[in-house]
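Heads up: numbering here begins at 1 and tracks the sequence. Note that the structure is predicted; figures quoted are calculated from it, not measured.
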Amino acid sequence: MGRELALHLAKMGCHVALSDINVEQLARTKEMLVGYDVKVTMTVLDVSDNDAMQAWADSVMRDHGKVNFIFNNAGVAFSSTIEGASIEELEWVMDINFWGVVYGTKAFLPLIKNSVKQSEVTSDNQDDQPRQFKEHGHVINISSLFGLTAQPSYSAYNASKFAVRGFTESLRQELNIQKCGVSATCIHPGGIKTNIANSARGNDSTSTVGMPTGDKAIRSFNKLLKFDASEAAWIILHATATNQQRCLIGNDAKMVDAIQRVFPSHYSQVINDITQLSRKLKPRRNNKRSDKTSTAP
């Protein structure tokens, strides 16, 4: 989604500062932005390194002069039971998924607020009027549908995405009170077509709770990633432009959110029942398709 966000922003004439831990992917994204009349800079960055994040923020200011938006998009997945996970593995997920968001927000929020403040419209009766700005700023943090409900074998991922949700919702309230022209949105994507499944880590402990392991787990994970990343990026940008408090992407995220609201204490059982029913009906649907094909003239 980060690459698609960069492409859409460039098409709209926004200057873009890219970062990624993978230098090859980073260079490919920058190459795709060639031809747009915007300034593009790139930095190889480990978001779990606070000093590196602060240094990137400083370099963005030097190169671009101001900052209006930060998209904290980096994320990893890890599947394991809680008993089967090491502390180091849990820390790896939290360092990237949660602390990466915290570091990005802390490094860039003061820059965003200052950039917006410089666009403030002054008037003789400023005390009697709400503050007005020619520009606005936004912090966009990526949570997940797993930040709405918890799932077995993804405790670290659940914890990180719930943490992002709480952090971002608190931040938004603070910014609203400050009336500083800056806001925040928490994004809850469902299954988006990205490489997260292929780069996920896990171990065989998930078999003890009936979950697949190894290559089968990756294939099962990829089957859930159906929503187009480009469309997801547009939805994120629309949510930002309309200052939505949170944004659900995909029918799966919307369904899970609805189930959690209706069954806050029993959503896990409801979701499990729906999943089991879907698995039972799938062979029947496939058989019906086969019958139609075999009888077609």
Note to self: Checking the side chain of Asp252 only, and the main-chain atoms of Gly191 only, is there a donor and an acceptor separated by less than 3.5 Å?
What the structure shows: yes

Notebook entry, point to check: Does CG in Asn272 sit with more than 12 non-hydrogen atoms of other residues, nucleotides or ligands closer than 6.0 Å?
Noted result: yes

Check: How are the rings of Trp234 and His8 set relative to one another: parallel (under 30°), tilted (30 to 60°) or perpendicular (over 60°)?
Finding: tilted

Check: Transitively linked via ILVMFWY side-chain contacts under 4.5 Å: Leu26 with Phe71?
Finding: yes

Notebook entry, point to check: Which pairs with one or both residues in residues 149-169 pass ring pair (Phe, Tyr, Trp, His ring centres under 6.0 Å), sequence neighbours excluded?
Noted result: Phe146-Tyr154, Phe146-Tyr157

Check: Taking side chain as C-beta onward, heavy atoms only, is Val38 less than 4.5 Å from Cys14?
Finding: no

Margin query: If we count only N and O atoms by modelled type, under 3.5 Å, do the side chains of Ser115 and Asn68 hold a donor and an acceptor together?
Written below: no

Next item on the list: Starting from the C-alpha separation in whole Å, work towards a yes-or-no answer on side chain to side chain contact (heavy atoms under 4.5 Å, CB included) for Ile192 and Leu225.
Entry: CA-CA 5 Å; Ile192 312 299; Leu225 308 181; 5.8 Å; no

Next item on the list: Start with the C-alpha distance between Thr41 and Leu18, add both sets of side-chain angles, then the distance that settles side chain to side chain contact (heavy atoms under 4.5 Å, CB included), and finish with yes or no.
Entry: CA-CA 6 Å; Thr41 57; Leu18 306 170; over 6 Å; no

Note to self: Tell me if the NZ atom of Lys39 is crowded by more than 12 foreign heavy atoms within 6.0 Å.
What the structure shows: yes

Item checked: Test item: Glu231 and Glu4 side chains (from C-beta on) under 4.5 Å apart, heavy atoms -> no

Checklist line | Close side-chain approach of Cys180 and Lys117, heavy atoms under 4.5 Å | finding: no

Notebook entry, point to check: Between the side chains of Ser80 and Asn203, is a donor N or O closer than 3.5 angstrom to an acceptor N or O?
Noted result: yes

Check: Are Glu31 and Thr29 close enough that a side-chain donor and a side-chain acceptor fall under 3.5 Å?
Finding: no

Item checked: Side-chain heavy-atom pair Val40, His15 within 4.5 angstrom cut-off -> no

Checklist line | Considering all heavy atoms, the nearest Val60-Ala17 contact | finding: CG2-CB, 3.8 Å

Check: Would you call Arg131 and Glu120 a salt bridge, taking side-chain N to carboxylate O under 4.0 Å as the test?
Finding: yes

Next item on the list: May I ask you to test the Leu111-Lys66 pair for a side-chain heavy-atom distance under 4.5 Å?
Entry: no

Checklist line | In one Ile/Leu/Val/Met/Phe/Trp/Tyr side-chain cluster, 4.5 Å: Leu90, Val209 | finding: no

Next item on the list: Considering non-hydrogen atoms only, spot the tightest contact between Ala184 and Leu171 and give its length.
Entry: CB-CD2, 3.8 Å

Next item on the list: Examine the side chains of His188 and Ser144 and answer whether a donor and an acceptor come within less than 3.5 Å of each other.
Entry: no

Next item on the list: Please test Val44 against Ser19 for side chain to side chain contact (heavy atoms under 4.5 Å, CB included), starting from the C-alpha separation and ending with a verdict.
Entry: CA-CA 6 Å; Val44 178; Ser19 70; over 6 Å; no

Checklist line | Near-ring test His136/Phe69, centroid separation under 6.0 angstrom | finding: yes

Next item on the list: Provide the closest heavy-atom pair for Phe78 versus Ala156 in the form atom of the first, atom of the second, distance.
Entry: CD2-CB, 4.4 Å

Check: Is Glu89 reaching over with its side chain to a backbone N or O of Ser86, donor-acceptor style, under 3.5 angstrom?
Finding: yes

Checklist line | Ile236 vs Ile249, side chain to side chain contact (heavy atoms under 4.5 Å, CB included): CA-CA, chis, key distance, verdict | finding: CA-CA 8 Å; Ile236 292 171; Ile249 303 178; 3.7 Å; yes

Item checked: Audit row: Asp95, Ser48, side chain to side chain donor-acceptor pair (under 3.5 Å) steps and yes/no -> CA-CA 5 Å; Asp95 284 348; Ser48 67; 5.4 Å; no

Check: Is there a chain of hydrophobic side chains (I, L, V, M, F, W, Y, each step under 4.5 Å between heavy atoms) that links Ile21 to Leu45?
Finding: no

Note to self: Return the CD1 to CE distance between Ile196 and Met1, rounded to the nearest 0.5 Å.
What the structure shows: 8.5 Å

Note to self: Given 3.5 Å as the limit, does a donor-acceptor pair link the side chain of Lys161 with the main chain of Ile142, or not?
What the structure shows: yes

Next item on the list: Taking atom types as modelled, find out whether Asp58 and Gln54 have a side-chain donor-acceptor pair closer than 3.5 angstrom.
Entry: no

Note to self: Looking at Arg28 and Glu24, is there a salt bridge between them, counting it only when a charged N and a carboxylate O are closer than 4.0 Å?
What the structure shows: no

Check: Between the side chains of Arg172 and Asn243, is a donor N or O closer than 3.5 angstrom to an acceptor N or O?
Finding: yes

Notebook entry, point to check: Does any non-hydrogen side-chain atom of Leu237 lie less than 4.5 Å from one of Leu5?
Noted result: yes

Notebook entry, point to check: Quick one: do the Ser143 and Arg165 side chains pair a donor with an acceptor below 3.5 Å?
Noted result: no

Notebook entry, point to check: Where is the tightest heavy-atom contact between Ala74 and Asn97, given as atom of each residue plus distance?
Noted result: O-OD1, 4.3 Å

Check: Of Ile82, Asn158, Thr206, Thr213, which meets side chain to side chain contact (heavy atoms under 4.5 Å, CB included) against Ser153?
Finding: Thr206

Checklist line | Linked, directly or transitively: Val67 and Met42 (ILVMFWY side chains, under 4.5 Å) | finding: no

Check: Short question: side chain of Ser170, backbone of Gly166 - any donor-acceptor pair under 3.5 Å?
Finding: no

Item checked: Test item: Val47 and Ile96 side chains (from C-beta on) under 4.5 Å apart, heavy atoms -> yes

Item checked: Transitive ILVMFWY side-chain link Leu7 to Ile140, under 4.5 Å -> yes

Checklist line | Phe221 to Ala200 - nearest heavy-atom pair and separation | finding: CE1-CB, 4.3 Å

Notebook entry, point to check: Do Leu248 and Leu148 touch side chain to side chain, with heavy atoms closer than 4.5 Å?
Noted result: yes

Checklist line | Under-4.0 Å salt bridge between Asp257 and Arg246 | finding: yes

Check: Distance from Asn141 atom CG to Glu169 atom CD, nearest 0.5 Å?
Finding: 11.0 Å

Review item, side-chain donor-acceptor pairs of residues 98-109, under 3.5 Å, at least two apart:
{"unit_1": "Thr105", "atom_1": "OG1", "unit_2": "Asn72", "atom_2": "ND2", "d": "3.3"}
{"unit_1": "Thr105", "atom_1": "OG1", "unit_2": "Val101", "atom_2": "O", "d": "2.8"}

Notebook entry, point to check: What do you reckon, is CG of Asn195 surrounded by more than 12 foreign heavy atoms closer than 6.0 Å?
Noted result: no

Notebook entry, point to check: Nearest heavy-atom pair of Asn22 and Asp20: which atoms, and what distance?
Noted result: N-OD1, 2.8 Å

Next item on the list: Please check if any side-chain donor atom of Gln244 sits under 3.5 Å from a side-chain acceptor atom of Thr242, or the reverse.
Entry: yes

